[in-house]
Amino acid sequence: MTICIQKKLFNLEKIISDLRENKPNVGAIVSFIGYVRDFNKDINTKKLKHMNLEHYPGMTEKTLINIELNAKSKWSLEDVFIIHRVGKLLPSDPIVAVVVASQHRKNAFEACEFIIDFLKTDAPFWKKEISDQDELWVENKLEDHQKKASWNIR
Amino acid sequence: MTICIQKKLFNLEKIISDLRENKPNVGAIVSFIGYVRDFNKDINTKKLKHMNLEHYPGMTEKTLINIELNAKSKWSLEDVFIIHRVGKLLPSDPIVAVVVASQHRKNAFEACEFIIDFLKTDAPFWKKEISDQDELWVENKLEDHQKKASWNIR
Amino acid sequence: MIRSRKMKINILFFAGIREMFGIHEKCIEIKESKTSPEKLLKFLSEKEQGPWVELLNSKDSISVAINQEISNWDDSLKDGDELAFFPPITGG
Amino acid sequence: MIRSRKMKINILFFAGIREMFGIHEKCIEIKESKTSPEKLLKFLSEKEQGPWVELLNSKDSISVAINQEISNWDDSLKDGDELAFFPPITGG
């Protein structure tokens, strides 16, 4: 189990090779990476300059550990790696990676999606979008909460 | 859309950076990597030396293109990259990668799992396991066919 | 008559709320009778005014955490607790 | 009387079936009346014996593809077709 909150860029190939070290049982790795996107041009005239990502040190790690333990209680997993960047991020920069290693792929797919769904609603990160026109804190998305809630009925 | 059938190792970081080139709309990338695993020690005394992966050139590419087009008709995707290795592979070598880029993560997760599920049952690859005791062609798994069939009822 | 003792609470502000207060952290000493985030917030908005009033008004859309765990507005506070106010989470 | 013409079929073998035949590919010329993989396989197992008999016996567990597409045993074959026999797929 590894959790990193960091300013610097990450390398997925490196994360995966660290994760697999001395784990010959790993048959499947599923990774999710989320990126900074510009505003939707169809409904927006402004242009994203950068994003500032703030978090609550201590609580972030606690929350992510809990999400991970929850995932491990639901699925048989070999290991999990969660990395989230903070600070100033530019359009198309990677923000977050969730990498799950398991013996069989179904567990890895489900656990990876579960972890990012809960991270989105429970881990104390906040994004501020600095555009060429204004500076606004991103509002939370109803669909993220619906996606999280959907895990109760699966 | 990129499909590679190759002997040599692949680098996920490189695949992703190629995939994202000039695609500022990509907000999510979901990747699956499958690895060569040794036999289950609990039920087996033999040890895997290596694997030989054979395929049907031409039909493989056709099949993978069809699976990909199918996925693109079901989900809104920015791009897909499928890579499958052939020839001699050692334990814990990566065999296959499916990388899916989309605007939103749900599409990427579902399409990535769909593609690998159909690849497993429809793409003409065959694995031979060379152990310290024998050489055997791998038999197909019922669970792979069940997993593929489950897409009809989702 | 038992005299109510004082307790120290370390308050943290994040994102838009941090900007509203202009500070990230504030340590306060209060009587033990203000033993929930809600009571404390009401007390401070009456006593100190300013952003506390604004915070109280937007109470329904903000989250509160005690010792780094999401809490309810009527949960108990005790001496030495870390209390955090923040807007909805938008990570990932 | 119409004399049945000949047609060329290129047959490919994969995995265990390739090993059984000891070759990867075999080009044959047959009469147009053997116009399905099933008819062709029966004809060859009678005429050439050897691995063809074995292939016919394990017909239920093997797949057949015509021009690189999974096909049925009673689909039609035409001159110049590529016909492939292979065991269940086990990639990924």
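No experiment lies behind these values; they were computed from the predicted model shown. In what follows, chains carry the letters A, B, and so on, assigned in the order in which the sequence lines appear, proteins first and then strands, with residues in each chain numbered from 1.
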Exercise for review: Evaluate the side chain to side chain contact (heavy atoms under 4.5 Å, CB included) criterion for residues A:Phe125 and C:Thr90: first the C-alpha distance (whole Å), next the side-chain angles of each, then the deciding distance (0.1 Å), finally the verdict.
Suggested key: CA-CA 6 Å; A:Phe125 291 100; C:Thr90 56; over 6 Å; no
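For chain C, the nearby parts of A:Lys127 are the backbone and the side chain; heavy atoms of each come within less than 4.5 Å. A:Asn52 does not touch chain C: none of its heavy atoms, backbone or side chain, sits under 4.5 Å away. Contact annotation for A:Lys120: both backbone and side-chain heavy atoms come within less than 4.5 Å of a heavy atom of chain C. Heavy-atom distances place both the backbone and the side chain of C:Ala15 under 4.5 Å from chain A. The contact between C:Ile70 and chain A is made by backbone and side chain atoms together, counting heavy-atom distances below 4.5 Å.
Residue A:Lys88 qualifies as open at atom NZ: its count of foreign heavy atoms under 6.0 Å is 12 or below. For NZ of A:Lys62, the number of neighbouring non-hydrogen atoms (other residues, nucleotides, ligands) closer than 6.0 Å is greater than 12. No more than 12 heavy-atom neighbours from other residues, nucleotides or ligands sit within 6.0 angstrom of NZ on C:Lys8. Enclosure of atom NZ in C:Lys59 by more than 12 non-hydrogen atoms of other residues, nucleotides or ligands within 6.0 angstrom is indicated. Counting non-hydrogen atoms of neighbouring residues, nucleotides and ligands closer than 6.0 angstrom, the CD atom of A:Gln133 exceeds 12 such neighbours.
When side chains are defined from C-beta on, A:Lys128 counts as touching C:Glu19, because their heavy atoms get closer than 4.5 Å.
Here the shortest heavy-atom pairing between A:Pro57 and C:Gln68 reads O-NE2, 3.7 Å.
The structure places CG of A:Asn140 at 9.0 Å from CD1 of C:Ile89, a figure rounded to the nearest 0.5 Å.
Ring orientation note: the planes of A:Tyr56 and C:Phe86 are nearly perpendicular, at an angle over 60° on the 30°/60° scale.
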